[in-house]
Amino acid sequence: MTATERPNARAVAGEPREAIMASCRVEADESSAVVRLTGVLDAAGAEAVRLALLTRLADRPGPVVADVTGLRVVDPTGRGVFAEVRREVADWPAADLLLCDPAVDRPDHADAALPAGEPAVPTTVAGSATVAGVPAWPTVDGALAAVAATPLAAVLTADLAPAVGAARQARELVTAGCRRWGVPTLIDPACIAITEMVNNVVAHARTPMTVRLAPRDSSLHLAVRDHSSHLPTFAGLSPPDRAGGRGLLLIDTVARRWGSSPVGDGKVVWCVLHPEDEVAHRD
């Protein structure tokens, strides 16, 4: 996590991880999708909370539930951090942020994490509401039921070492996913993108990495998570006499969208591909 993590905090499977941000405590259970936030969240702690949530989303496939039952948010910056995190992960494979907030049922509750000034607007998901742009349930059980309804079978993940052969393993994973999900036209462009993303880790980050991919409607979402804080920079076309430096250009060419997101102990580089883009390119 971040430098605000307690020195004696442990990250053992099945045991909670805790971090203290100002007067806000963040606790993630390794065996669960729930992250509990307690205390008071102000502007000073908002960035640390954002990084803690992004780190949890980067390390676990599927949606994460932020339980704000015991949290009070005292300024607009804190209130907006949950919607900001949800926007940040919108193009990650199989990632989303949900809230457990009893204020959904009690909008006049004085200690609500997202107070009455942030209206709960009903959505089409049974039992849920939208609070400040984030789907919310009044109970943890309700939010976890929504997580259980997410088709996590449609997610492929591989942990790879930063070594020769990593890109080949990633391409094999991408090829299997595209065939499984009925988007064979994306095999070639997705293999180009994942090769460059993985090779960047091997050449520059030199840390273990996690490759993840998932379909969404007809699109394919790819991501590579590493443990280097150095973000990739794209300066457009490289001079013809320059060796290398074309990896991001290739990703930009085959993907409709791509980007990078800093997390607490590294980054996530992601991209989104659409079959119709590949068909149009071939035509």
Side-chain angles (χ1 to χ4, degrees), residues 1-2 4-5 9 11 13 16-19 21 24-37 41 45-68 71 78 80-101 113 130-137 140 143-144 146-152 154-159 197 201 207-216 219-229 231 257-272:
M1 301 193 81
T2 67
T4 54
E5 184 170 348
R17 293 188 302 181
E18 294 183 0
M21 294 88 176
C24 174
R25 181 189 297 269
V26 178
E27 180 181 354
D29 187 339
E30 295 296 330
S31 63
S32 169
V34 177
V35 177
R36 290 181 175 82
L37 293 87
L41 176 59
E47 176 62 13
V49 167
R50 187 182 77 86
L51 286 175
L53 291 174
L54 287 174
T55 302
R56 186 61 176 147
L57 283 156
D59 291 341
R60 181 187 187 280
V64 164
V65 176
D67 181 1
V68 297
L71 184 70
V81 70
F82 302 103
E84 182 182 347
V85 168
R86 192 166 189 248
R87 287 191 298 268
E88 184 74 24
V89 304
D91 283 324
W92 293 13
D96 200 1
L97 181 67
L98 312 178
L99 287 178
C100 167
D101 186 358
T130 299
V131 178
V134 182
W137 282 257
V140 169
L144 288 177
V147 171
T150 302
L152 275 184
V155 180
L156 292 177
T157 300
D159 294 321
M197 294 160 74
V201 177
T207 73
M209 73 190 89
T210 299
V211 174
R212 186 167 294 145
L213 57 147
R216 188 181 307 165
S219 63
L220 179 67
H221 296 243
L222 307 176
V224 176
R225 188 258 206 271
D226 65 47
H227 299 274
S228 168
S229 60
L231 298 179
R257 296 184 303 280
W258 71 274
S260 60
S261 306
V263 298
D265 59 346
K267 65 181 176 293
V268 174
V269 180
W270 55 266
C271 69
V272 182

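By convention here, the first residue in the shown sequence is residue 1.
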Next item on the list: Please lay out, stage by stage, how Leu71 and Cys24 fare under the test side-chain contact (heavy atoms from CB on, under 4.5 Å).
Entry: CA-CA 8 Å; Leu71 184 70; Cys24 174; 3.8 Å; yes

Note to self: Could you check whether any side-chain N or O of His221 sits under 3.5 Å from a backbone N or O of Asp91, counting only pairs where one atom can act as donor and the other as acceptor?
What the structure shows: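 A pair under 3.5 Å: yes.
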
Next item on the list: Output yes when a side-chain donor or acceptor of Arg36 lies under 3.5 Å from a complementary backbone atom of Asp29, and no otherwise.
Entry: no

Find the distance between [atom1] ([X]) and [atom2] ([Y]) and round it off to the nearest 0.5 Å.
X	Y	atom1	atom2	value
Asp67	Leu98	CG	CG	12.0 Å
Glu27	Leu37	CD	CG	10.0 Å
Arg56	Leu51	CZ	CG	15.5 Å
Thr210	Arg60	OG1	CZ	14.0 Å
Lys267	Ser229	NZ	OG	7.5 Å

Notebook entry, point to check: Quick one: does Trp270's side chain get under 4.5 Å of Arg257's, heavy atoms only?
Noted result: yes

Item checked: Val81 and Leu53, any side-chain heavy atoms less than 4.5 Å apart -> no

So which atom in [X] and which in [Y] form the shortest heavy-atom distance, rounded to 0.1 Å?
X	Y	answer
Leu231	Ser260	CD2-OG, 4.0 Å
Arg216	Ala94	NH2-N, 4.2 Å
Ala154	Pro215	O-CD, 3.1 Å
Ala33	Val147	CB-CG1, 4.4 Å
Leu99	Val65	C-CG1, 4.4 Å
Leu54	Pro262	CD1-O, 3.7 Å

Item checked: Test applied, side chain to side chain contact (heavy atoms under 4.5 Å, CB included); reference residue, Thr55; option that passes from Val263, Val268, Val26 ->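 When side chain to side chain contact (heavy atoms under 4.5 Å, CB included) is applied between Thr55 and each of Val263, Val268, Val26, only Val263 qualifies.
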
Next item on the list: Determine, step by step, whether Val85 and Val64 satisfy the side-chain contact (heavy atoms from CB on, under 4.5 Å) criterion, reporting the C-alpha distance in whole Å, the side-chain angles of both residues, the deciding distance to 0.1 Å, and the verdict.
Entry: CA-CA 11 Å; Val85 168; Val64 164; over 6 Å; no

Check: What residues, two or more places apart in sequence or in another chain, satisfy side chain to side chain contact (heavy atoms under 4.5 Å, CB included) together with Ala90?
Finding: none

Notebook entry, point to check: Do Arg87 and Glu84 pass the salt bridge (Lys or Arg N to Asp or Glu O under 4.0 Å) test, and can you show the C-alpha distance, the side-chain angles, and the key distance before you say yes or no?
Noted result: CA-CA 5 Å; Arg87 287 191 298 268; Glu84 182 182 347; 5.4 Å; no

Next item on the list: Go through the steps to decide whether Phe82 and Asp101 satisfy the test side-chain contact (heavy atoms from CB on, under 4.5 Å), and finish with yes or no.
Entry: CA-CA 12 Å; Phe82 302 103; Asp101 186 358; over 6 Å; no

Item checked: Carboxylate-amine/guanidinium contact Arg225 Asp59, below 4.0 Å -> yes

